Amino acid sequence: MAVADVVVSFLLLVSIYGILALGLNIKYGHTGLLDFGHVGFYLIGAYTAALFVLGPDTPDDFTVYIIGLGNVPLLGTWPIAILAGTLLAAVIGGLVTLPTIRLREDYLAITVLGISVIFQRVIQSETWLANGPDALRGYSPPLQSYFPVTGQSLVGAVLFGVFVAVVWGLTTAGFGWLCRHRSTPLQTRLYQFTALGQTATPLRGAVLAALGVGAITTVVVVLFGIILPVGLVVSIYTWTIAVTAVRLHYSELSRPALITAILVGSGLLVSLVPLAVIETVSIQIAVTLSALSVLVLSYYIAIQRSAVIAANRLSIIGVGSLWFVSIWYFVLPLVDPLTAGRLTGALQTLFQNLVWMLAFGGDVGVGYVIIGLGELTVQLDYPRIQLAGFILFLTGLFYIVEQTVQTPFGRVLRAIRNDETVVESLGKNPFTYKLQSMMIGSGLAGFAGALWAMYAQGLTFTTFAPRVTFIILLIMFVGGVGNNKGMIFGAALFWAFQQATTQLAGFFPPAIRVNIQAFRLVIVGILFLIVLYYLPEGLLTREGSTTGEQRTRRTEGAEWATHCLPSKTFEKRLVGLSLLMVQPLRSSQERLPGLLDQTALGKRQRSISSVDFMCPIMVGSATAEPIFNISWHQQIWRQLSGVAPQDSVVVSSPRRSA
């Protein structure tokens, strides 16, 4: 199996767990609701989707379930099944929330954990519901019967065109986002070409480019029946954009730091060489662990002695990891054919990994004869078209969640996370927002469960054990609590670790291999503790977070602003006034001089807590809606705090100091 096939399987799992982590991030990262039972809604989505696409139960198939709607027109299709799993998980999440949401954080987490275990035990013990402890199988993913696609039929050409359209559109959207932030003139011209001139917005350009390229691909395949040249062009395009993204992201990395990163990645590769060349297990383990220890110690010493390396230590690890992965993907697969003297085999392997969009080999496919490569049989297999759909789902849901948390609704959720008292003082009901947050997060978990049912083509209750929730918690904390991009990044890191340990276990005898794969759960737990201790905000940190210096300056300004308040009425008015520092309110502009005068009447000290909060508020008797224009009140902010307004606001939550 080519390395590209391993990467396809890896990305499928990242997509599912990325969506699952986005749901938990809505609950905990943005609202502060610790849900240890998140896996329960994952289970609901998976089993609901499976029951919708299963045919009616028959006595001779050794499978028992309550209902199968697969033969019902429209209702028994996968789109309806995914929608049903999502909605049912959201509704049950809301029902579970009603009696438990008022509990304290730790009690809420334990209660929801118990409910998720009940869901799992019901599936296990009630055989009539979903085949009990045995696997629920007998359904197929959508369109699977049309694969592998060779492009020799009209349906195959259309499916291949759709696949190319999705890949081209997603890649072009990412390229457009890069060009909007920073790019060279050459990259800008390339983007204009790949987006077919539609560069008004990345989303519009990506959609129109996808439709155009997909239509062109379909016509070309119908007329000429060629898929390899198209797959080669699109694959090279995706690799080009990936390399461009990495270069732009690490463009500020100095040469010493870059050299150190390459040395770290190469050192990791050298440390693992004893696993492949030493046959004695005990010596394998001893030499490998010793080499890894030397590598870690050397990097630690370099951090202590070099300010440049210390300032870029995480970026160095990132570049070193990418260097290691590049060698693993392109270079290591060539070792076996080259040592066997098969140059053509090595070139074929390199070509197959380069053209990742197509599967090579097999009994069905289109044959090509290429000079220097020999005979190749290519086709589009089902996992790749499934990957395109899953990535499209992940991208769409990420965009929706990202836009949602930037709305006033999302800002209220973050305010609830930080201080419910402030939210209540501004006329908002935290219970309602918590309920909505739990329903949205549970719905996303149900959506991920439906995708898992499609991917696995069979369900067992053991898949939905409570450990899945703690894996998602690890993903969330590693990526960055409250950071939606961190959920995808954390899922990629987790499954990269799983894939790496699986491949490393292959160097050991079968008896030891099982123990190594089980021991990685211990390693995951240790890594979890290390992340919580050294990186409590995750690798990407919370979105919208500020540096320590910024927080100090803004907190001092808020303390000055809350220095003198004569009554709770004026405390609430100052909360509203703090919001006005970033969001001027049309209906209360004329009242600001009076509010400023009133804040100087009292003499009592107050302590404050920082809350990132922007939403419609009440100032006096005037209802105020937020508008995003900070130029109007620059002088007011400076008068209160002595610093310029930032992109988020510190709201004072008044509490009497002892």
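For clarity, every value in this text was computed on a predicted model and none was experimentally measured. FYI, side chains are in, hydrogens and waters are out, and symmetry mates aren't considered; it's all heavy atoms of this structure.
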Q) Taking the side chain as C-beta and beyond, is there a heavy-atom pair between Phe52 and Trp78 under 4.5 Å? A) no

Q) Which is it for Tyr455 and Ser15 under the side-chain hydrogen bond (donor to acceptor under 3.5 Å, both in side chains) test, yes or no, and what are the steps along the way? A) CA-CA 11 Å; Tyr455 169 77; Ser15 303; over 6 Å; no

**Q.** Close side-chain approach of Leu51 and Leu136, heavy atoms under 4.5 Å
**A.** yes

Q) Which heavy atom of Ala453 sits nearest a heavy atom of Ala46, and at what distance? A) CB-O, 3.6 Å

Q) Are the side chain of Asp381 and the backbone of Ala359 linked by a donor-acceptor contact shorter than 3.5 Å? A) no

Q) Do Ile227 and Val221 come close enough that some side-chain heavy atom pair is under 4.5 Å? A) yes

Q | Worked check of side-chain contact (heavy atoms from CB on, under 4.5 Å) between Leu69 and Leu54 | A | CA-CA 6 Å; Leu69 303 175; Leu54 276 168; over 6 Å; no

Q) Any donor-acceptor pair under 3.5 Å linking the side chain of Ser437 with the backbone of Ile26? A) yes

Q.
Donor-acceptor check, side chain of Tyr17 to backbone of Ile475, threshold 3.5 angstrom: yes or no?
A. no

**Q.** Shortest non-hydrogen separation from Ala109 to Phe36 and the atoms involved
**A.** O-CB, 3.4 Å

Q: For the pair Phe477 and Tyr28, name the ring-plane relationship: parallel under 30°, tilted 30 to 60°, perpendicular over 60°.
A: tilted

Q | Side-chain donor or acceptor of Thr77 paired with backbone N/O of Leu74 under 3.5 Å | A | yes

Q | Backbone of Phe461 reached by a side-chain donor or acceptor of Gln120 within 3.5 Å | A | yes

(Q) For Arg520, is the CZ atom crowded, meaning more than 12 foreign heavy atoms sit under 6.0 Å from it? (A) yes

**Q.** Arg137 side-chain N/O to Gln457 backbone N/O, donor-acceptor pair under 3.5 Å
**A.** no

Q: Have a look at Phe447 and tell me which of Leu87, Thr86, Leu20 forms a side-chain contact (heavy atoms from CB on, under 4.5 Å) with it.
A: Thr86

Q. Could Lys434 and Glu420 be called an ion pair, given the rule that one side-chain N must be under 4.0 Å from one carboxylate O?
A. yes

**Q.** Which atom of Pro133 lies closest to which atom of Thr127, heavy atoms considered
**A.** CD-OG1, 4.4 Å

Q: Could you tell me the separation between the OH atom of Tyr433 and the NZ atom of Lys428, rounded to the nearest 0.5 Å?
A: 4.0 Å

Q: Keeping the roles fixed (side chain from Thr171, backbone from Trp168), state whether a donor-acceptor pair exists under 3.5 Å.
A: no

Q) Considering all heavy atoms of both residues, which atom of Asn71 and which atom of Pro56 are nearest to each other, and what is their separation? A) ND2-CD, 2.9 Å

Q.
For a quick test of reading the model, state the closest non-hydrogen atom pair linking Pro383 to Val8 and the distance between them.
A. O-CG1, 3.9 Å

**Q.** Between Thr238 and Trp356: side-chain donor-acceptor atoms closer than 3.5 Å
**A.** yes

Q. Would you call Val112 and Tyr107 a side-chain contact if the rule is heavy atoms closer than 4.5 Å?
A. no

Q) Side chain of Asn418, backbone of Arg414: donor and acceptor closer than 3.5 Å? A) yes

Q) Can you list the steps and then say if Thr100 with Met438 is a side-chain contact (heavy atoms from CB on, under 4.5 Å)? A) CA-CA 11 Å; Thr100 61; Met438 284 289 291; 6.0 Å; no

Q) Between the side chains of Thr460 and Thr463, is a donor N or O closer than 3.5 angstrom to an acceptor N or O? A) yes

Q) Taking the side chain as C-beta and beyond, is there a heavy-atom pair between Leu159 and Ile385 under 4.5 Å? A) no

Q) Say you draw a straight line from CD of Glu126 to CZ of Arg121; how long is it, rounded to the nearest 0.5 Å? A) 13.0 Å

Q) Given Phe360 and Val355, is the side-chain contact (heavy atoms from CB on, under 4.5 Å) satisfied, shown in steps? A) CA-CA 10 Å; Phe360 291 81; Val355 189; 4.2 Å; yes

Q) Do Tyr382 and Tyr146 have ring centroids that are under 6.0 Å from one another? A) no

Q | Euclidean distance, Met357 CE relative to Leu387 CG, rounded to 0.5 Å | A | 10.5 Å

Q. Pro466 versus Leu113: any side-chain heavy-atom pair under 4.5 Å?
A. yes

Q: Carefully, step by step, assess Lys485 and Glu402 under the rule side-chain contact (heavy atoms from CB on, under 4.5 Å).
A: CA-CA 9 Å; Lys485 292 186 287 292; Glu402 190 76 357; 4.1 Å; yes

Q: Would you check if Ile523 and Phe497 make a side-chain contact, meaning some heavy-atom pair closer than 4.5 Å?
A: yes

Q: Drop me the distance from Asn131's CG to Ile66's CD1, to the nearest 0.5 angstrom.
A: 13.0 Å

Q. Quick check: does any side chain N or O of Thr48 sit under 3.5 Å from a backbone N or O of Gly45, one acting as donor and the other as acceptor?
A. no

Q.
Suppose we call two aromatic rings close when their centres sit under 6.0 Å apart. Are Tyr329 and Trp239 close by that rule?
A. yes

Q. What distance separates Leu394 CG from Leu11 CG, expressed to the nearest 0.5 Å?
A. 10.0 Å

Q.
Using every non-hydrogen atom in the two residues, find where Gln503 and Val6 come nearest and quote the distance to one decimal.
A. NE2-CG1, 4.0 Å

Q.
Parallel, tilted or perpendicular, judged at 30° and 60°: which one describes the rings of Phe41 and Phe119?
A. perpendicular

Q. Hey, what do you get for CD (Gln379) to CG (Asp363), rounding to the nearest 0.5 Å?
A. 9.5 Å

Q: Please tell me if the side chains of Pro79 and Ile82 come closer than 4.5 Å, counting only heavy atoms from C-beta onward.
A: no

